[in-house]
Every structure is written in C-alpha cells, then in structure tokens.
Amino acid sequence: MTKRQITVGQLFATLFISRMITNITYSSTISSSNSIWDQIISSGVAFILTFFMIIPVYLICNKRESMNIADMSYFLIGKIGIIFVFIYAVYYIFICIYSLSLFNNFVTNVMDPNISIILMSIAVMITASYAAFKGIEALVRASGFILFLIILAGIFIIISLFPQINALNYEPLMYDGNQDVVKGVILMLSTTSCIPAMAMLIPLAKGKVKKGIVLWNVAIYASIAVFIFAIVGTLGDYVKTQLFPVYTASMIAGIGFLKNLDSLYLGIWTTGLFIKVSLFLLLFSMCIKRVFGDLAGRISIFIGAFFVVVISVLANSTQYFNGYIYNINFLFGFTLLTSIIIPLILLIVDFIKSRRRKESEKVKL
Amino acid sequence: MKKLSFSFIIVFSILLSGCTGGKQLHERLIVQGLGVDKENNLYNVTVQFLTADNSGEEMGENYETISLKGDSIIDAISKVSNITGKEPMYSQNLILILGEEVARDGISKVIDFFIRHYECRPTVTVFIAKENASKILTLEGANGIITADKISEMSNAQRLNSNIIFSNVLDVVNCLYNNISDPKIACINIDNGDLVIADSTAVFNEDKLSGFLAEDLSRGVLLVSDSVLGGTEVIDIKGLGKVTFNLTDSKSKVNFQNNYGTPCFNINVNVKSNIYEINKDVNSLFSDNYIATMEAELKNRLESLIYNAIRESIFNYKSDVFNFGKIIKRDDKEFFKNIKSLKEVLMKSDYNINVDVKVKKMGQERIKLVQNIN
C-alpha cells in the first residue's frame with residue numbers, strides 16, 4: 001500500500017521528460033524504415049492507440065486506490081503474483097539498459113569514439129542511483145526544473161529550424177505503400193515505456209489523472225509530429241543517411257549568432273537521460289521492495305544499476321547484444337505485455353473474483 | 001553512508017576527471033578549409049588550418065596550408081599528423097573545395113567522409129575549383145593568404161546578388177541521395193592573379209560535373225527555385241536608356257501537369273524590383289507610362305533568363321537543378337512511378353514561363369542631375 005506523495009502534474013512532467021528522450025533519439029534505423037515523413041501519419045495513429053493502451057493500466061490503478069500493479073498482483077492472485085512483479089522489474093531494468101546503451105551508441109558514433117563508455121556509464125548510473133535512492137518526491141521536483149529547460153531548448157531548436165524548411169522535401173505520403181507507417185506505429189508504441197511506469201506511479205499521484213493522461217499524450221505525439229515535420233523539411237533525404245536525425249537537425253539550427261545548437265540537444269538528452277534512468281531504477285526497486293522488503297528495495301537500486309552498466313557496455317561493444325536490445329519486435333512485445341496483457345489479466349481475475357463474491361453474498365442473504 | 005559517499009567522491013574524482021587524456025588546443029590542428037584534387041589516381045588533399053601560438057594560451061590568426069596525397073580523403077588527411085604532430089579537428093571546417101577533375105570523376109566518391117565522420121558538419125559550404133583546389137587554398141592575396149573564412153563568406157553573395165548558387169554538404173548529399181534532382185555548386189576561380197571569385201555555378205548530372213552556368217543563367221535557376229533575394233539587371237530600354245533594376249524579392253510557383261501525354265510545367269514567378277539608376281531624365285515621360293514599359297522589359301529579360309537556364313541545364317547538360325523531378329513526384333505520383341528516364345521526360349516537356357514584375361520604388365531623385373547621359 002502506498003500513500004499519495006506527488007501531484008498528477010509532477011508525475012506527467014516526469015513521464016514527459018522520460019518520453020522526450022525517446023523522441024529526440026527518433027531514428028529510422030531502429031524502425032528499419034525508409035521514410036520518416038510517412039511516420040507523421042504513424043504519430044496520429046499511435047496517438048489514438050496509446051489512449052487504448054492506457055485503459056487497462058488506468059482501470060487497474062483505479063480499482064483499489066493506493067494499490068499499484070505490484071500490490072494488485074499480490075492482492076488478486078496471491079504469491080503467484082510474484083511472476084508479474086518480476087516481469088515488471090525486468091522490464092524497468094531493460095528500459096534503463098535500452099536508454100543507456102542508446103546514449104552510449106550516440107556518444108561513440110556521433111560525439112567522440114575515444115570516450116570511455118565504461119566510465120561514462122558508471123558516472124550516469126551513480127548519479128541516477130543517487131536520485132532513485134532519494135525517492136520519487138526528490139525526482140519529480142528535479143523533473144519540474146528540467147522540464148522547463150527542456151521545453152525552452154526544444155522550442156528554440158524547432159523555431160530556428162522553421163526558416164530552413166524546404167517544402168519540396170515533403171514527398172507524397174505513403175508513396176511506397178503503408179509499410180513505413182506501420183513500422184512507425186510499432187516503433188512509437190514499443191517505446192511507450194511510460195504506460196508500464198504509470199502502473200506503478202498513478203497510485204502515488206493526487207489530482208485529475210485523466211486530464212494528466214490526455215495532456216501528456218497530446219504533448220508527446222504533438223512533439224513527435226513537430227520533430228518529424230522539422231527534420232524532414234530541413235534535412236530532406238539527408239535524414240536517411242543519419243543515425244540520429246534530430247541531432248543532425250540541431251547541428252544546422254541557428255538564429256543570428258546562435259549557431260550549431262547541438263549543445264542544447266546534448267543538454268536535453270543528458271538531463272533527460274538522468275531523469276529517465278533514475279525513474280526506472282526507482283520503479284525496479286519498488287518491485288523488489290514489494291517482494292523482498294524495504295532494505296532489499298534500497299539495495300536493489302545499486303544492484304540494478306550495476307547490471308545496467310554491464311549490459312549496456314556489452315551492448316556497445318558487441319553486435320550480439322545489440323540485436324536483442326534494439327530488436328523493435330521484442331521491445332514491442334515486452335511493452336504490450338506490461339501495458340496491456342498483465343493489467344488485462346488482473347482485471348479479468350478481479351472481475352471473476354468480485355462476481356463470485358457477489359454471488360456468495362447473494363447466497364448468504 | 002557518509003564514509004561510502006566520501007569514498008565514491010575520492011575514487012571518481014580521479015577516474016572521471018574530464019581533462020584526463022584530453023588534448024590541449026595547441027595539440028589540435030584546427031582545420032578551416034579542405035581542398036580535394038586528383039592526381040595519378042591519388043587524392044591530393046590540401047588542408048588549411050589555424051595554428052595556436054606555442055604557449056597555446058592565445059589563438060592567433062595564423063593560417064597554414066599543407067597538401068597531402070592518399071588513396072582516400074582520410075588516408076591523405078591523416079598524414080598531416082606526420083608533419084605537424086597534431087590531430088586534425090574538423091568541427092571548425094568551413095569549406096570544401098573540389099577540383100574540377102574530382103567533380104568530373106564523381107563527387108559521391110569523396111563526399112562520404114563528410115557525412116560519416118563525427119566531427120564533420122553538414123553546413124560546410126562546397127565549392128568547385130575550375131582549375132585545382134590546392135591553388136585556391138594556397139593563394140597569396142594582397143593581404144596574405146586567402147583564408148577559408150573569407151571564401152566561406154562568399155556564400156552571402158546568393159542572398160545579395162542571386163547570380164551564383166551556393167550549396168553546402170547537406171544540399172549536395174540531398175541531391176545525390178534522392179536520385180531525382182542534381183547538385184548545383186558554386187564555382188570559384190582565381191581572378192587577376194590574387195583574388196578568388198565565385199563566377200559561375202557548376203551543374204551535375206547525377207554525381208558528375210556536366211557543365212557551368214554563367215551568372216545570368218544561375219539567376220534563372222534561382223528564379224524558378226524561389227531564391228532570388230537581391231541582384232541587379234541592367235536593361236537598355238528604347239526611349240529610356242540604361243535602366244538598372246534592383247531585384248528585391250521573388251516568389252515562384254511551379255506546377256506539373258500531364259497534358260494528354262505531353263508533360264508540362266507551369267512556372268509562375270513574381271518579382272519585386274526597385275530602380276536606383278537610370279541614365280535619362282524620366283520626369284518628362286510620365287504621360288507615356290514608362291513604369292509599365294520598364295516592367296515589361298524586365299519581365300521579358302527574366303523570362304528569357306529562365307528559358308535559357310532550362311535549355312542549358314536540362315537539354316545541354318542533362319542536369320535537373322530545378323527540382324523538376326521532385327515537382328512531378330509531388331503533383332502526379334502515378335505519372336512519376338511510370339517514368340523510365342526522368343531526363344528524357346524533362347527534355348520532352350513543355351515549359352510555360354510567366355514572370356510578373358512590379359517596380360516598387362524609384363528612389364528619391366526628383367530631377368536628374370545631368371540630363372540624358374548616353
């Protein structure tokens with residue numbers, strides 16, 4: 001059982017930052033598609049589908065106030081519920097690994113191949129562990145400030161790109177069929193790791209959750225659409241040659257003497273990465289705490305961080321691990337499992353149990 | 001816990017110190033300009049770089065140039081360390097000059113480094129040297145070496161004069177990658193022995209240089225591409241003498257339609273102009289509606305520039321520097337899907353050109369100082 005410690009606004013600000021990190025690393029390489037422009041349609045489709053994806057988590061979190069998905073698993077299916085809690089714990093750690101290894105990939109390919117990935121990963125994870133150790137309240141307070149900076153930097157980059165847009169870079173939508181739209185939808189939905197995060201965090205938030213969800217979803221997909229519009233309009237087909245097109249767009253952005261805004265992009269990514277990894281480490285520790293108790297939960301932050309460093313460094317040095325981490329179908333399946341399937345199973349169990357209870361109450365009467 | 005935190009701080013302040021293994025500025029070779037030529041199947045890369053003072057504390061405006069040979073661009077450039085003992089830094093590079101031979105051989109072979117290398121920026125301005133790139137980068141002007149930043153600043157000429165087309169790596173790669181439109185790159189030349197001047201635009205057929213467009217034809221291309229922001233046109237008008245038009249702005253709209261099997265482009269351009277130089281007293285000509293006459297003359301001139309630019313680029317050089325292919329794809333994607341040879345379609349197409357000219361301002365001279373200069 002948990003008490004409400006944060007506001008809905010703080011919760012969705014933190015989740016927005018967490019998702020923005022995925023948005024700015026948007027890459028057609030990960031989705032194996034040829035046309036990023038087609039994925040502006042994907043953003044519209046994914047926007048609607050995300051609402052549907054949230055419904056099971058929203059319903060399960062509203063079933064019994066102050067119980068998160070881990071509590072509900074235990075409450076509804078007893079000790080077998082440990083399997084679900086374990087799945088969520090693995091998912092949260094996997095998202096940390098995915099985020100850190102993507103950052104490592106970026107640094108070694110785009111920044112400087114000589115940077116020590118091991119030391120950088122350790123530094124990121126130590127700061128993230130510290131933030132996770134401080135708890136959700138400290139984390140969301142930091143998020144508020146970081147969100148302000150991220151929005152400011154994002155708006156500045158986008159505004160400075162708009163004068164450089166060439167209308168001829170926008171080719172007819174779905175010129176080569178709809179496969180790029182489908183790939184885009186899968187990529188966008190599979191990176192919606194915030195829904196499984198909501199399954200743990202909504203019970204901690206006080207306020208109008210529905211309003212928060214709507215605003216969060218609108219902001220997320222509006223920002224994706226604006227990013228796609230800006231990078232395709234400014235980069236054209238050059239976008240297809242780039243691993244991280246949003247970063248490339250930030251390199252050509254500039255207003256007046258303020259040129260080469262890639263440093264702003266780096267600022268957004270590093271601060272956002274800190275929030276995202278801290279948040280998912282905290283969620284991991286909440287799962288461990290539910291199973292093994294408070295002390296284990298605290299220690300698990302550091303153990304989790306250790307695994308994240310080891311696996312993300314391995315992923316950066318071998319293609320073998322890369323294949324699993326950036327396998328979009330695997331990520332999609334994992335996200336569906338934690339966003340829809342497990343909450344749905346719990347809802348069904350709850351429905352059956354409450355029906356039985358009502359029937360037995362009727363019999364007693 | 002405090003002891004643990006303290007140990008972490010001590011350990012990581014040693015391990016994570018940002019300066020460990022870092023390079024001082026005087027240990028880096030700050031590349032400002034690169035020139036690529038081809039000699040005996042080897043690339044001859046000329047590197048113009050800034051050098052710091054020995055102390056490394058102050059950066060002087062000292063430029064040096066070194067030429068190196070190699071099998072690839074990076075193979076040649078890496079040899080610069082053998083001479084200077086410094087590691088090249090490309091993030092401050094401003095220009096890339098390709099020799100005419102490299103351009104005729106195909107620029108795809110040399111551009112990869114500028115897309116792939118983590119320090120290279122897509123905003124680097126690309127030039128074609130009519131002779132070879134190393135001559136431009138090593139040229140001694142009246143005030144010392146012609147520096148890369150001065151050459152880079154030439155790209156402002158497109159905004160100011162609109163008679164040369166400047167492109168950066170991003171524009172060039174865009175054209176090379178989409179396989180529809182062809183690159184167009186400013187061409188620079190040595191003038192009067194000690195000046196570097198942009199005097200024409202190099203146009204390509206796919207990645208190979210196919211010819212040069214003179215200044216007036218380059219303006220024709222820019223008019224179609226909606227990119228004329230300045231420049232002058234001098235027209236000798238009967239009854240008015242020499243009139244100098246200052247072009248201030250242009251807006252173009254190009255549409256494609258398939259007229260029963262005949263592809264057709266409708267090119268509509270609106271141009272605004274001011275007049276600040278006329279060599280005749282025009283005040284006496286008010287009754288003759290001389291402004292309409294001027295507008296008609298400028299319209300004819302600009303229409304002929306566009307027509308000649310299309311003839312030269314499409315028919316002579318087989319180069320689509322107007323993005324006509326993209327316009328077909330935008331306006332009639334079914335027709336575009338069935339195209340076997342885009343260049344043949346463009347050569348069979350009709351081009352309906354219409355330029356609408358508005359003379360906005362005539363300057364503040366009321367009565368001409370000297371009457372009727374010829």
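All figures in this text were calculated on a predicted structure; none of them were measured in a lab. Residue numbers begin at 1 in each chain, while the letters A, B, ... track the order of the sequences. Below, each value reflects all heavy atoms present in this structure, side chains not excepted, and no hydrogens, waters or symmetry copies.
- Each salt bridge (charged side-chain N to carboxylate O under 4.0 Å, His left out) pair with one or both residues in residues 234-254 of chain A, not counting sequence neighbours, appears once here: A:Asp237-A:Lys240.
- A:Leu168 pairs with exactly one of B:Asn178, B:Asn323, B:Asn174 by the side chain to side chain contact (heavy atoms under 4.5 Å, CB included) rule, that one being B:Asn323.
- Between B:Arg116 atom CZ and A:Thr241 atom OG1 the span is 9.5 Å, to the nearest 0.5 Å.
- With a 6.0 Å radius and a threshold of 12 heavy atoms from other residues, nucleotides or ligands, A:Phe162 has its CZ atom above the threshold.
- Of the inter-residue distances, the one linking B:Ile180 atom CD1 with A:Glu171 atom CD reads 5.0 Å to the nearest 0.5 angstrom.
- A 6.0 Å sphere centred on NZ of B:Lys150 holds no more than 12 heavy atoms belonging to other residues, nucleotides or ligands.
- Interface remark: A:Ile118 contributes no atoms to any contact with chain B (heavy atom separation under 4.5 Å).
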### Query
So B:Arg121 and A:Ile252, side-chain contact (heavy atoms from CB on, under 4.5 Å) or not? Walk me through it.
CA-CA 8 Å; B:Arg121 289 180 178 273; A:Ile252 65 162; over 6 Å; no
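- For the set A:Thr248, A:Leu235, A:Asn109, the entry with the most heavy-atom pairs within less than 4.5 Å of chain B is A:Leu235.
- Residues of residues 327-336 of chain B having a heavy atom under 4.5 Å from any heavy atom of chain A, listed by number: B:Ile327, B:Lys329, B:Arg330, B:Lys333, B:Phe336.
- Residues A:Thr108 and B:Tyr118 fail the side-chain proximity criterion, which asks for heavy atoms closer than 4.5 Å.
- Shown here is A:Tyr130, whose OH atom has no more than 12 heavy atoms of other residues, nucleotides or ligands within 6.0 Å.
- Looking at A:Ser116, there are no atoms closer than 4.5 Å to chain B (heavy atoms on both sides), in backbone or side chain.
- Environment of CD in A:Gln164: crowded, with over 12 heavy atoms of neighbouring residues, nucleotides or ligands closer than 6.0 Å.
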